[in-house]
Amino acid sequence: MPVTVKTFASSGEAAAALSSDRGARYLGGGTLVMRALNEGDVSISTVVRVTDRALTRIDVSGARVVIGAGVTLARVLAERDLAFLHPPARSIGGPAVRNMGTVGGNLFAPSPYGDFTVALLALDATVSVQGGFGVRDVPIEEFLQSRERQSGALVLSVSCQRPASADAFRYRKIARIKPKGGSVITLAAHLPMSGGRITGARVALGSMAPTQMRAKAAERALEGRSLDASTMAAAAAAVAEGSAPADNALASAWYRREIVGVHLRRLLAGQE
Amino acid sequence: MPKTALQFHHNGREVAIFVDGGVNLLVALRELIGDMTPKFGCGQGGCGACSVLIDGELHLSCLTLAETVAGRSVQTLDGLKDGPNLHPLQRAFADNFAAQCGYCTPGMLMAAKALLDRNPQPSRAEVIEAISGNICRCTGYEPIINAVLAAASASRARA
Amino acid sequence: MLELRKDIFADERDDNLKEIGKGTQRQDMLGHVTGTSTYFDDHKLQGMLHLKVLRSAHPHARLRRIDTAEAERSQGVRRIIRGADVPRNLNTLLSLINFGKDDEPSLAVDKVRYKGEPIVAIVADSPREAYEAIGKVRVDYEPLPAVFDVEEALKSGAPVVNETYPKNTFVYHDVYDHQKLRFGDVERGFAEADHVLEQRYQMSPIEHAPTETNGSIAAPDTNGRYVVYTSTQALFFSLDTCAKILDVPSNTFHFIGGTVGGGFGGKVDTLTEPLAILGAMLTGRPVRYVLGREEEMQYGPPRGAERIYVKDGVKRDGRIVARKIRAYFDSGAYTRLSSYAVVKCAAHLPGPYTIPNVYGDIYCVFTNRTPATAMRGFGVTGMDFALECQMDKLAHLVGIDPMEFRLINAYRDGDMKAHRREAKNTALIECVQVAAEKAKWPLREEFKRMSSRKDGGGSRAAIPPTPREAAAPRVSPAQQRTSYDRGSSIPPHERPPVTPAPPTPPPPSPPQSPSHGATRFSSVFGTRRR
């Protein structure tokens with residue numbers, strides 16, 4: 001059947017259209033849905049769009065930053081108050097992809113993509129979702145685990161705390177081609193310090209599992225300790241635990257498991 | 001198949017077409033308007049051969065739903081020349097041998113134009129970043145980078 | 001005697017043809033920078049239809065049933081094309097020059113031999129409608145054991161990939177299952193050497209990844225002809241291949257090549273034209289068949305993988321005295337151009353070096369992988385990778401500078417090459433010298449004075465006695481051997497049966513015999529068949 005495009009003024013109407021039609025997909029920047037159509041995905045029969053301006057708002061006034069799902073990566077890069085998110089935004093695509101790809105869309109980008117989401121996971125972000133029963137705030141980890149079932153819902157925005165300090169949030173994307181391309185591994189870490197010790201460690205990985213994941217064993221190795229050589233070594237040794245990387249054209253699962261500890265140690269040491 | 005009317009500005013001209021649902025801008029430009037300058041290379045957003053400017057911003061036309069450009073301005077390589085005269089970027093690409101098979105060239109020129117329109121005096125690193133979404137399988141990129149820098153310095157000389 | 005009348009129109013002509021050292025602009029540069037260079041897809045034809053193919057999901061399987069009934073009723077479908085619709089559904093590219101047997105179908109009928117092999121073609125009003133119909137085709141596969149490794153494919157009991165070649169090797173001159181090069185006695189050379197080094201080299205298939213994918217548009221033209229816009233690098237080659245597959249005279253077609261958006265060898269296999277033309281013939285409309293990006297990367301043919309064993313005997317003073325090479329080209333499921341690559345490879349041995357004893361066995365092997373094709377010096381460049389790595393290792397082994405090591409072994413004018421031709425216009429020595437100079441790599445004086453035109457010929461011009469069968473290996477106990485010695489030097493699949501068949505007499509060679517006394521090999525293409 002041919003593709004129908006439906007454009008709605010409100011997210012509520014769009015969410016209803018998404019949840020009632022198995023062949024409906026939400027069109028953000030186009031990098032996922034248009035690609036699928038180009039490649040002959042005939043399971044998509046309805047493309048849902050929303051013109052609600054709320055989806056493209058950035059709110060940096062409070063303790064938590066709120067980024068509309070329709071905000072492009074280029075706009076993140078243009079926003080000075082989102083400087084802590086510039087490394088992940090900059091690591092995605094070339095300039096055209098950044099002009100099109102959105103923060104909300106990146107939540108659905110499958111491995112080896114989805115790098116911005118890795119950063120949000122390390123920052124314990126919350127995803128605001130418009131479902132059939134109104135708006136819900138879902139912790140990003142829970143959102144990612146049930147991502148397949150989320151295709152009927154509409155992401156409105158993501159929000160997160162600013163990092164504890166400039167140094168506390170680190171990000172690194174290992175790719176075959178810099179700066180564009182899918183990732184071999186993406187790593188993000190948020191390490192707030194209190195009295196010289198890490199409290200609330202978060203380590204997030206991309207391309208190490210079917211969805212972006214937290215490296216909880218590495219987090220436990222970091223928690224409550226100072227960021228010294230032995231702590232870094234312990235975290236590096238534990239980081240692959242719970243991961244399930246796949247073979248793909250960029251790297252094998254074996255290679256990913258071999259190098260993830262190396263790159264985590266470099267990330268923690270602040271190395272280039 | 002129900003079609004949607006679409007009116008927009010194409011290289012300064014107002015055009016109107018009817019598109020099937022789901023058609024991307026690349027197909028609309030090539031097959032419905034007859035502008036063959038943007039090219040199909042991947043349909044995935046990885047090669048940049050389809051790059052165009054939408055309201056002055058670099059976009060991938062293969063990943064753009066055609067209807068979303070309603071009322072907006074779309075610029076392609078076909079509109080780069082100034083009457084019979086080459087744009088400085090075109091002149092610089094030619095002088096610096098920045099094309100072999102030529103297939104990436106339309107996308108490269110649009111990416112370069114998007115850069116110089118915002119940043120008339122880019123550094124080499126900024127040029128590299130600006131074309132980082134465009135794949136060239138022939139030149140090894142150096143002649144292209146040199147061409148963009150040459151175009152930038154030529155316009156500085158003229159200023 | 002040719003007479004040049006340069007006085008005529010002398011005032012209108014500039015005969016100072018001094019082009020070297022000047023930059024010269026490409027004739028198509030203006031077209032490239034203005035976007036007016038015309039590629040095959042830059043044509044808008046009225047009523048154009050779109051062709052997509054259903055590809056095998058298995059690397060090796062029998063096709064028990066292909067059910068297109070539901071697909072035929074799918075919206076927008078104009079025609080479904082199956083193997084039975086292709087007039088001559090078995091071809092090999094080089095049959096155009098009498099080389100090889102027809103082994104590859106345009107559309108698979110009873111068997112698929114690589115994952116992605118086309119089975120059914122669907123012509124529809126739009127790409128989307130073609131994709132929808134593709135999804136409705138039902139294929140009953142009976143998966144078969146598959147083989148992906150060249151040496152596994154040569155073991156007895158390996159799955160037969162391509163019944164045209166039941167031993168999984170291409171057959172030369174209807175008899176030989178590999179290309180053979182014999183020059184001197186390598187076993188005697190190894191016995192005399194101070195060191196023997198055997199190494200194994202492996203190259204993966206390499207994808208050309210052109211920015212423009214393979215594709216063509218075919219349309220009915222006037223006079224019962226068809227016009228074909230194509231991405232091919234080989235216009236006449238593709239035209240003749242289509243004439244054969246579609247069983248029409250070649251003047252039925254008007255092939256128009258444009259600028260090719262990146263070929264590198266990957267646009268010579270005539271992948272899309274036969275089906276596009278057949279679609280146009282069967283629908284009476286223009287038909288476009290373009291590979292998508294994933295199709296191009298995965299199912300478009302790559303440079304074939306190569307596995308190369310190089311065993312060298314070298315003296316302490318740096319002279320290589322024996323070189324034995326066993327190489328396997330992974331042709332994938334069909335021949336295409338790999339048979340020719342193997343001939344080129346054999347001709348290239350042992351590299352640009354004068355080695356008194358050379359032995360080569362080069363195989364063109366079939367596996368259940370994507371068929372390989374040409375790419376940038378195919379047949380030669382992969383072997384060079386192996387040989388040059390080996391040269392560095394040998395240099396290291398005997399403690400000689402790697403550049404000087406190459407100069408010691410370089411061929412010179414007048415030397416006899418392993419395939420019994422005199423070396424002429426050699427220049428490896430000068431290339432190494434210039435490279436060393438540019439890299440500021442120090443060379444000793446005597447090496448800087450070497451020349452391709454000196455010290456060649458003489459005893460180096462002789463053809464050494466060459467045994468017809470492999471001599472028993474003679475190992476000197478004091479000899480240093482390195483790695484890869486795994487028992488017998490003759491690989492299992494090569495060991496002759498208990499009573500070897502008598503050798504087939506070679507085809508008669510032309511009467512003319514060169515003055516240096518070398519035997520002239522028969523034509524690489526064997527006896528003419530028609």
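All chains are named by letter (A, B, ...) in the order of the sequence lines, taking the proteins before the strands, and each is independently numbered beginning at 1.
Using a 4.5 Å cut-off between heavy atoms, Ala99(B) contacts chain C through both its backbone and its side chain. There is no contact between Leu80(B) and chain C, counting heavy-atom distances below 4.5 Å. With a 4.5 angstrom heavy-atom cutoff, Ser37(C) touches chain B only via backbone atoms. Only the backbone of Leu291(C) comes within contact range of chain B, with heavy atoms under 4.5 Å apart. Looking at Leu86(B), only its side chain comes within 4.5 Å of chain C, counting heavy atoms on both sides.
In this structure, the side chains of Lys44(C) and Met36(B) come closer than 4.5 Å at one or more pairs of heavy atoms. Here the side chains of Lys39(B) and Asp42(C) are in contact, with some heavy-atom distance below 4.5 Å.
When all heavy atoms of His208(C) and Arg137(B) are compared, the closest pair comes out as O-NH2, 2.6 Å. Residue Ile135(B) comes nearest to Thr211(C) through the heavy atom pair O-OG1, 3.8 Å, listed as atom of the first residue, atom of the second, then distance. Taking each heavy atom of Thr37(B) and Thr34(C) in turn, the nearest pair found is CG2-O, 4.1 Å.
With hydrogens and angles ignored, the 3.5 Å screen pairs no side-chain donor or acceptor of Arg293(C) with any backbone N or O of Gln44(B). The main-chain N or O of Ala94(B) is found under 3.5 Å from a side-chain atom of Gln25(C) such that the two form a donor-acceptor pair. Under the 3.5 Å distance criterion, the side-chain polar atoms of Tyr103(B) are left unmatched by any main-chain donor or acceptor of His32(C). Listed for the Arg26(C) side chain is a donor-acceptor partner under 3.5 Å among the backbone atoms of Gln100(B).
One finds no salt bridge joining Asp20(B) and Arg128(C) here, because no Lys/Arg side-chain nitrogen approaches an Asp/Glu carboxylate oxygen to under 4.0 Å.
Atom SG in Cys42(B) sits 10.0 Å away from atom CE in Met297(C) (nearest 0.5 Å). A distance of 4.5 Å separates CZ of Arg30(B) from CG of Asp41(C), quoted to the nearest 0.5 Å. Note that CZ of Phe97(B) is 7.5 Å distant from OG1 of Thr24(C), once rounded to the nearest 0.5 Å. Distance OH/Tyr39(C) to SG/Cys101(B): 5.0 Å, rounded to 0.5 Å.
The local environment of CD in Glu294(C) is sparse, with at most 12 non-hydrogen atoms from other residues, nucleotides or ligands closer than 6.0 Å. Crowding of Arg55(C) atom CZ: a count of heavy atoms from other residues, nucleotides or ligands under 6.0 Å exceeding 12.
Heavy-atom pairs under 4.5 Å with chain B peak, among Pro127(C), Gly35(C), Gly215(C), Ala209(C), at Ala209(C).
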